[in-house]
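Structure first, then comments.
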Amino acid sequence: MAGKKILLIIGGGIAAFKSLDLIRRLLESGYQVIPVLTKSATEFVTPLSVSALAGEKVHQDLFDLNDESQMGHIELSRAVDLVVVAPVTADLMAKMAHGHANDLASTLLMATDKQVLIAPSMNVRMWEHAATQRNLAVLKDDGILICGPNEGGMACGEFGFGRMAEPVEIIAAIEVALNEGPLNGRHILVTSGPTHEPIDPVRYIANRSSGAQGTAIASALLALGARVTFVTGPADVSPPLGVDLVKIQTAMQMLDAVKAVQNVDVGIFVAAVADWRIVNASDQKIKKNVDSLPVLELSENPDILSTVCASKMRPTLVVGFAAETQNVVKNARAKRQRKGCDWIVANDVSPGTGIMGGSENDVVLITADGTEDWPRMGKDHVARRLAKKIAEELN
Ligand code: CTP
């Protein structure tokens with residue numbers, strides 16, 4: 001990304017201090033940063049510190065005649081590769097969603113012909129407020145890229161979603177936005193990891209999925225330029241930087257999260273979803289009783305893959321996985337038909353194979369045209385091969 005130019009608009013929030021670190025790291029990665037400060041941002045960081053770090057003049061005023069003669073706000077908004085707003089406040093999001101252009105930042109955001117990436121930062125109540133969530137939906141629909149916010153403790157002392165994403169996460173999102181690979185402009189949904197189905201507040205039903213294959217697939221798709229929404233259960237491996245991350249625990253939550261994702265070109269369902277949930281899960285820890293054993297009443301979880309395949313929102317290409325312990329190809333072929341997906345990646349997860357929870361995979365790819373038996377290889381290698389095949393299929 002060396003030499004790419006970022007127009008960095010710093011909004012007025014306490015997280016503005018992190019933007020100084022963001023500038024430093026962007027420069028270290030070879031980017032050029034053109035900084036813009038909103039009026040309220042100057043309450044948190046000084047133009048001098050921003051300018052000194054960026055090595056550039058800081059733009060602050062819409063009606064700066066000197067600037068207009070050299071570079072007008074229209075040109076400023078376009079002479080870059082990407083516009084990044086970090087932090088973006090609830091107020092600036094509202095302005096963007098409603099098309100206000102009454103200061104330099106909002107005018108640049110209206111005038112630009114480049115992609116815009118925002119990193120929200122605000123109090124948890126403000127983030128969860130219906131107005132902010134409405135504005136967020138509008139911005140997503142307008143094609144604005146969103147990074148974060150993260151969950152955690154805040155400067156105001158409250159806890160929840162609202163912390164600005166860390167500079168490394170914002171840089172990963174910038175790299176994804178600027179990546180011109182064959183999957184550029186494609187939005188891919190990946191489900192990954194196990195689900196946990198609670199028995200009571202301290203116990204749950206789970207499976208041995210580590211999330212390694214789903215994570216490797218998300219990374220391989222990012223590397224080819226895709227935008228990836230990654231819906232993951234409680235996995236052992238960390239999610240890749242640069243994805244739109246949605247963390248869930250149960251199959252029902254995974255289904256809700258998947259249904260909420262809009263405009264998906266490809267869906268890849270790698271998650272090892274629990275087939276059953278406990279309907280009589282207890283709110284309190286179940287105590288041992290000398291006279292009787294607890295009876296767990298199971299109910300079947302909805303099939304997320306089948307639901308997506310049958311829905312009006314079905315992506316152009318849907319890839320399922322099949323975890324089998326016997327008659328792998330025969331069972332997986334039947335699964336492809338039953339669930340209505342285009343491709344199915346079948347693997348033998350018998351304990352002797354070391355595949356579930358391990359670092360290698362041995363898969364057969366089943367499509368409408370037949371089967372491809374891939375040799376045993378690392379999960380990251382399987383991921384790269386699958387991502388390449390998806391790119392070929394779409395292009
Ligand atoms: N899947 C899903 N929702 C479920 C169960 C499975 O989306 N409730 C998806 C998985 O992510 C995978 C595919 O369906 O892409 C097959 O999952 P698998 O566990 O192999 O099959 P099951 O449908 O659970 O069938 P069985 O356990 O009988 O093999």
Side-chain angles (χ1 to χ4, degrees), residues 188-198 204-218 221 228-235 237 239 246-261 264 266-279 298-311 313-315 317-351 353 355-357 361-368 371 379 382-383 386-387 389-390:
I188 306 191
L189 164 73
V190 179
T191 70
S192 183
T195 64
H196 285 182
E197 308 297 330
Y204 55 83
I205 297 185
N207 59 62
R208 294 186 197 282
S209 167
S210 63
Q213 187 63 85
T215 302
I217 289 172
L221 296 166
V228 179
T229 297
F230 190 64
V231 180
T232 178
V237 291
V246 187
K247 287 185 177 173
I248 54 85
Q249 295 280 327
T250 68
M252 295 301 274
Q253 290 167 353
M254 184 172 271
L255 177 66
D256 288 344
V258 164
K259 279 185 177 167
V261 188
V264 177
V266 184
I268 311 179
F269 295 80
V270 199
V273 185
D275 289 322
W276 307 282
R277 67 181 177 282
I278 293 136
V279 272
L298 298 179
S299 172
E300 194 169 320
N301 273 327
D303 192 304
I304 302 165
L305 172 59
S306 303
T307 307
V308 169
C309 286
S311 79
M313 315 274 279
R314 188 191 194 282
L317 179 66
V318 181
V319 183
F321 268 67
E324 306 293 342
T325 54
Q326 54 189 344
N327 301 324
V328 177
V329 174
K330 185 165 168 272
N331 284 343
R333 273 206 192 111
K335 227 171 235 181
R336 191 182 83 84
Q337 293 282 352
R338 196 168 64 241
K339 303 208 179 211
C341 55
D342 302 295
W343 300 354
I344 208 149
V345 182
N347 47 18
D348 184 347
V349 293
S350 309
T353 64
I355 284 173
M356 207 157 196
N361 210 346
D362 191 350
V363 310
V364 179
L365 177 70
I366 299 169
T367 68
T371 59
K379 286 185 175 171
V382 169
L386 185 65
K389 202 165 168 69
I390 289 169

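Order of appearance sets the numbers: ligands from 1, and atoms from 1 within every ligand. If you're wondering where the values come from, they're calculated on a predicted model, not measured in any experiment. Positions are given from 1 along the sequence.
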Give, for atom CD of Q213 and atom NZ of K379, the distance between the pair rounded to the nearest 0.5 Å.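 Answer for the CD-NZ pair, Q213 versus K379, is 6.0 Å.
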
To the nearest 0.5 Å, how far apart are CD1 in I366 and CH2 in W343?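 These two atoms lie 13.0 Å from each other.
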
State, with a plain yes or no, whether a side-chain heavy atom of [X] is found less than 4.5 Å away from one of [Y].
X: V266; Y: V318; value: no
X: N327; Y: V329; value: no
X: L386; Y: I217; value: yes
X: F269; Y: V258; value: yes

Within ligand 1, which atoms have a heavy atom of [X] less than 4.0 Å away?
X: G320; answer: 15 (O)
X: A322; answer: 20 (O)
X: F269; answer: 11 (O), 12 (C), 15 (O)

Among all protein heavy atoms, pick the one closest to [atom] and tell me residue, atom and distance.
atom: atom 7 (O) of ligand 1; value: L305 N, 2.8 Å
atom: atom 3 (N) of ligand 1; value: I304 N, 3.0 Å
atom: atom 18 (P) of ligand 1; value: K335 NZ, 3.4 Å
atom: atom 5 (C) of ligand 1; value: V273 CB, 3.7 Å
atom: atom 11 (O) of ligand 1; value: A271 O, 2.7 Å
atom: atom 16 (C) of ligand 1; value: F321 O, 2.8 Å

Ligand 1 versus D275, non-hydrogen atoms closer than 4.0 Å: side chain, backbone, both, neither?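 Looking at D275 and ligand 1, just side chain atoms fall under 4.0 Å.
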
Side chain, backbone, both or neither: which part of A272 comes within less than 4.0 Å of ligand 1 when only heavy atoms are counted?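 A272 to ligand 1: no contact under 4.0 Å from either part.
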
Check step by step if side chain to side chain contact (heavy atoms under 4.5 Å, CB included) holds for R338 and S306. CA-CA 8 Å; R338 196 168 64 241; S306 303; over 6 Å; no

Take atom 28 (O) of ligand 1 and look for protein heavy atoms under 4.0 Å from it; say yes if you find one, no if not.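 It does not: no protein heavy atom is found less than 4.0 Å away from atom 28 (O) of ligand 1.
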
Is the closest heavy-atom distance from A323 to ligand 1 below 4.0 Å?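 The answer is yes: ligand 1 sits under 4.0 Å from a heavy atom of A323.
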
Please determine whether any non-hydrogen atom of K339 lies less than 4.0 Å from an atom of ligand 1.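 K339: in contact with ligand 1 (<4.0 Å).
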
Any N or O of V270 closer than 3.5 Å to N or O of ligand 1: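 No; the residue has no nitrogen or oxygen that sits under 3.5 Å from a nitrogen or oxygen of the ligand.
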
What about P302: any of its N or O atoms under 3.5 Å from an N or O on ligand 1?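 The answer is yes, given that P302 and ligand 1 share an N or O pair closer than 3.5 Å.
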
Should the pair R314-D342 be classified as a salt bridge under the 4.0 Å nitrogen-to-oxygen rule?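 Yes, this pair counts.
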
Quick test of your reading of the model: are R277 and E300 salt-bridged, counting only N-O distances below 4.0 Å?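 So R277 does not pair with E300 through a salt bridge.
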
Spell out, as yes or no, whether a donor-acceptor pair under 3.5 Å connects the side chain of N207 to the backbone of S209.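 Yes: the side chain of N207 pairs with the backbone of S209.
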
